[in-house]
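This report concerns only the one structure given below.
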Protein chains: 2
Amino acid sequence: MFSLAEENYLKAIYHLESKTQGAVSTNAIADAMATKPSSVTDMVQKLADKKVLSYIKYKGTSLTDKGKKTAANVIRKHRLWEVFLVEKLNFHWDEVHDIAEQLEHVHSTELIARLDKFLGFPDFDPHGDPIPDKHGNIKPTEKKLLSELNKNQKGVCVGVKESNSDFLQYLDKKHITIGTKISVLGKEFFDGSMVIQVGRDQFFISKKIAENLYMQTN
Amino acid sequence: MFSLAEENYLKAIYHLESKTQGAVSTNAIADAMATKPSSVTDMVQKLADKKVLSYIKYKGTSLTDKGKKTAANVIRKHRLWEVFLVEKLNFHWDEVHDIAEQLEHVHSTELIARLDKFLGFPDFDPHGDPIPDKHGNIKPTEKKLLSELNKNQKGVCVGVKESNSDFLQYLDKKHITIGTKISVLGKEFFDGSMVIQVGRDQFFISKKIAENLYMQTN
DNA sequence: TATAATTTTTAGATAAGGCTAAAAATAAAA
DNA sequence: TTTTATTTTTAGCCTTATCTAAAAATTATA
C-alpha cells in the first residue's frame, strides 16, 4: 500500500516517462510536483527501496514494472472518477480535475471494479485520455483532432484539447459531448472550416473548433 | 479547512456527545479513536485553538457550534457516499463503511451538492441513520417499534430493543439487519402478529418479534 | 480526611514529508 | 583541459500526528 504522497510521485514520474525517453531527472519531478529537488531525492530513495523505481544517484530514475502498474492504477482511478463526475453528476470537463485528484487515492479495488461497471466500462475519460485497464494496460488508441479528419470520415468525440468555459458552452449548445458521433460532410481547405453532422443536425464549424476536439476513429 | 485527523476527531467527539451528556472525556475519545489519551490531549488543544471545541484541562471538551457544524458535515458526506455505494454500486450495506470513511474526507461542497441531487436527496443512509442537511441540521426522526406500524406501512430497521443471541440469530436467518426495509403486508389485531415483506420474502412474525425491532418510518 | 486509584497532562521521541543552505557531482564553456 | 554553471545530494531543521514514560490533578476509598 502506498501513501498519498508516494502515489502522487509515481503518477508524476509515469507521466514524465511517457513524455520523454530515458531516466527522469530529479529537477523534472520537482517541477512537475511543485516541490524542491531535495524533497524529490528523499522520496525517490524511499520508492527505490520499495522496488517501484530504479534510481542511480545523479542519473535519475525510471519506474519498474511494479511502479508502472501502480501508477497506471492511480491514473485509472482518476480517469474513472472523472467520467463519473461528468457523466453522472453533470460537472463540466474542466471542473473535475481537482476532485478526481482526491478521489483517486481512495483505496478499494472492489469500489473501482463496481464504478467501472456502473459507468459502462468506459475507454476514455472526459478529456479524451484513455483509461488503463485493471492490469495497468492502456489500449493503444488513435486519438486525432477533428481538424485532421477529411470529408466523409467520421468518429466519436473522446475529449477536448482546450477547455475554457466559452468553448464548453458552445459544445453544450451544439450537443457535442463525450461519445458524440461526428461525421465530416465537407471540408474547406482554404480556411480549414468544416460542415459536420451531429445527430440530425448539420452545421458549420471553424478550424479553431475542429482543432480543439479529440476524436477516435475506429 | 481541517486535516483528515482533525475531521476524524470532530466526528468522534460529535458521536460521543450525542451518546452522553456533559463534556466528553479524554479517555472516551481515545477509546473511540483507538489512540492514546496523550495524543487526544494534544489534538484537543489544537482544536480548541481553532475554536471548534471548548476544552478545560482535566474537565473534558465539548464542541462549539462551529465544531458541530463541521462534524455534521463530515457525517453528511459519509452517509451520502454510503447511499451511493449501496444504491448505485450495489454494495451490501455492511461493506460500505470503510470506503465511506475515506470518501468522507474529499473536499468539495459542489461535489456533495451534486451527489445529494443525484441520489434524490435521501434522508437516511443504508443503516437507517439520518443524513444531516448542508447546514448540519438533522431532521428529528421518529423511531417506532415495528409492532406500532399498521398494515401497508413500511420503514427501515434501525435497531433492536432486546439483543439476546436467539433473537439476533432469528434476524440473521430472516435477513433482517440494520438498514433492512420492512413492509407490513398484514396485521392481526387479535394477537398482534404480522405478515411482513423483507426483500422478496414474505413471512409471518409474532408480536414478540415486532416489539423488539426499532423502525424508522418516512 | 488522608491515602490509593484513576484519569489526564506534560515531556521527550519517532516517522513521514517537506524546506533551506551548503557540499558534491556532472555538464557546459572558455 | 581547466574553469564556470548547473544539477543533485546531503545535512540539519520544521510540522503534523503519533507514541511511551513520568508527573500532576482528580476521584474514589478506607
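Quick note on labels: first sequence line is chain A, next is B, and so on, each numbered from 1.
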- [ ] Record whether the side chain of B:Ser38 comes under 3.5 Å of the base of D:dT20 through a donor-acceptor pair of N or O atoms.
- [x] yes
- [ ] Mind checking side chain to side chain donor-acceptor pair (under 3.5 Å) for A:Lys50 and listing every partner two or more places apart, or none if nothing turns up?
- [x] A:Glu6
Open item on the list: Using a strict threshold of under 4.0 Å (side-chain N to carboxylate O), is an ion pair present between A:Asp133 and A:Arg76?
Closed with: no
Open item on the list: Less than 4.0 angstrom between a side-chain N/O of A:Lys57 and OP1 or OP2 of D:dT10, yes or no?
Closed with: yes
Open item on the list: Measure OH/B:Tyr58 against C1'/C:dT6 and give the value in whole Å, please.
Closed with: 12 Å
TODO: Kindly state which residues belonging to residues 2-25 of chain B come within less than 4.0 angstrom of DNA chain C, counting heavy atoms of the residue only, listed by number.
DONE: B:Ser25
Task: Under-4.0 Å side-chain N/O to phosphate OP1/OP2 contact, A:Asn27 with D:dT8 - done: yes
Open item on the list: Rounded to whole Å, how long is the line connecting atom NZ of B:Lys36 with atom P of D:dC19?
Closed with: 7 Å
Open item on the list: I want to check one thing: is the phosphate of D:dT18, taken as OP1 and OP2, less than 4.0 Å away from some side-chain N or O of B:Ser39?
Closed with: no
- [ ] Looking only at side-chain atoms of B:Thr26, point me to the closest of D:dT9, C:dG18, C:dT8.
- [x] C:dT8
Task: Modelled atom types, side-chain donor and acceptor of B:Ser25 and B:Asn27, under 3.5 Å - done: no
- [ ] With the side chain of A:Asp42 defined as its heavy atoms from C-beta on, choose the nearest nucleotide among C:dG18, C:dT9, C:dA25.
- [x] C:dG18
If you look only at distance, which donor and acceptor atoms sit under 3.5 Å apart when one is on a side chain in residues 89-99 of chain A and the other is two or more places apart or in another chain?
| from | atom 1 | to | atom 2 | distance (Å) |
| --- | --- | --- | --- | --- |
| A:Glu95 | OE1 | A:His92 | N | 2.7 |
| A:His97 | NE2 | A:Glu101 | OE1 | 3.2 |

Open item on the list: Distance check needed: C:dC19 P versus A:Met43 CE, whole Å only.
Closed with: 11 Å
- [ ] Using a cut-off of strictly less than 4.0 Å, decide whether A:Tyr55 has a side-chain nitrogen or oxygen near OP1 or OP2 of D:dT9.
- [x] yes
Open item on the list: With a 4.0 Å cut-off on N to O distance, would you call B:Lys134 and B:Asp116 a salt bridge?
Closed with: no
Task: Distance (rounded to the nearest 0.5 Å) between A:Gln169 CD and A:Phe167 CZ - done: 12.0 Å
Open item on the list: Is A:Lys59 close enough to D:dT8 that one of its side-chain N or O atoms is under 4.0 Å from OP1 or OP2 there?
Closed with: no
TODO: Whole angstrom is fine here: how far is it from CG in B:Asp49 over to C1' in D:dT15?
DONE: 15 Å
Task: Minimum-distance nucleotide (side-chain atoms of A:Thr41 versus C:dT9, D:dT8, D:dT18) - done: D:dT8
TODO: Please determine if a side-chain N or O atom of B:Gln45 lies less than 4.0 Å away from the OP1 or OP2 oxygen of C:dT10.
DONE: yes
Task: Charged tip of B:Lys88 within 45° of B:Phe118 ring normal and under 6.0 Å - done: yes
